[in-house]
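Taking it in order: structure first as structure tokens, then the write-up.
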Amino acid sequence: MSKKVRKAVFPAAGLGTRFLPATKAQPKEMLPIVDKPIIQYGVEEAMAAGCDQIVMITGRGKQAIEDHFDVSYELESMLAERKKTDLLEIVRHISDMIHVAYVRQKEALGLGHAVLTARELVGDEPFAVLLADDVIDAEVPCLKQLIQVYEKTQCSVIAVQQIDGPSISSYGVLKAKPVEGSNGKLFEIEDLVEKPKAEQAPSNLAIIGRYILTPTIFEELEKTQTGAGGELQLTDGMRRLLKREKIYGYVFDGKRHDAGDKLGFLKATVEFALKRPDLREPFLRYLKQLGL
Ligand code: G1P
């Protein structure tokens, strides 16, 4: 019998060097887009896709993430006393949201190593991996789109986006053939390469930080050697997995923001602010009067 995707793994032990000095003493996952930390966007997406357990891979200096998803008694009683019921609801919603388990990645040895750290908590079932840096705005949550593909194929499936030009070298890249009848959205993967030189990229299909993986990936990650950047790469683990099982790439519907990059973060902030009913009008007025 096929198993449901219930668990969502969030690798969150990275050092966030791209955002220094903001990330010197706080996790990059806690940087807010408008008023919500980027990690919460990912957790809400996982829940909307039907996951009911979060596995957060953290490391030193990541306490704020645990506190964020925990109950804050002092804050709640202060808000209750002052009758700030709407704020109280927002704050309670975060801790009521979902069960979160934490596991420490003692050293930042790469994304593949982070995923391997979750092995015991995930067990023998298919699971999701979400990279919080990739904030995806979509009518149907991106992870839900992938789960729908998984349910049909019973194979690992990863989110992909077409990236043209030299920035392809910042991604894992697919060599893949389109699946007939999928309107160019579903690809059967033939090979994957992590951060190739632009001229050596096998296609313009880049891996975006949403994955559904079968538990076989753990066996393969254990045997995977360090790769690009001296790290144990998830892409290399999937490359081994490919010898045992099919893997699909899915060109999802939606807009992805690279919130781990300064410009990407600014763009996401502007776009999410413009979608907020309470901010849209005054923010638009402000932007217009800048006369750019
Ligand atoms: C990671 C993955 C890469 C993927 C990217 C998507 O890289 O290793 O394959 O394309 O996420 O955001 P990172 O951006 O963490 O270096």
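What you see below is based on every heavy atom in this structure, not just the backbone, and it leaves out hydrogens, waters and symmetry mates. Whatever order the structure lists ligands and atoms in, that order sets their numbers, starting from 1.
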query: Side-chain contact, heavy-atom cut-off 4.5 Å: Phe10 with Ile65?
result: no
query: Is the closest basic N to carboxylate O distance between Lys243 and Glu220 below 4.0 Å?
result: no
message: Would you say that Ile90 contacts His93 through its side chain, given a criterion of any heavy-atom pair below 4.5 Å between the two side chains?
response: no
message: Assigning hydrophobic clusters by single linkage (Ile, Leu, Val, Met, Phe, Trp, Tyr; side-chain heavy-atom cutoff under 4.5 Å), is Phe252 placed with Ile158?
response: no
- prompt: With under 30° as parallel and over 60° as perpendicular, where do the rings of Phe265 and Phe19 fit, or are they tilted in between?
  reply: perpendicular
- request: Could you tell me if the ring centre of Tyr250 sits under 6.0 Å from that of Tyr150?
  value: no
- prompt: Can you pull the residues with any heavy atom under 4.0 Å from ligand 1?
  reply: Leu111, Leu131, Asp134, Tyr171, Gly172, Glu194, Lys195, Ile207, Gly209, Tyr211, Gln233, Thr235, Arg256
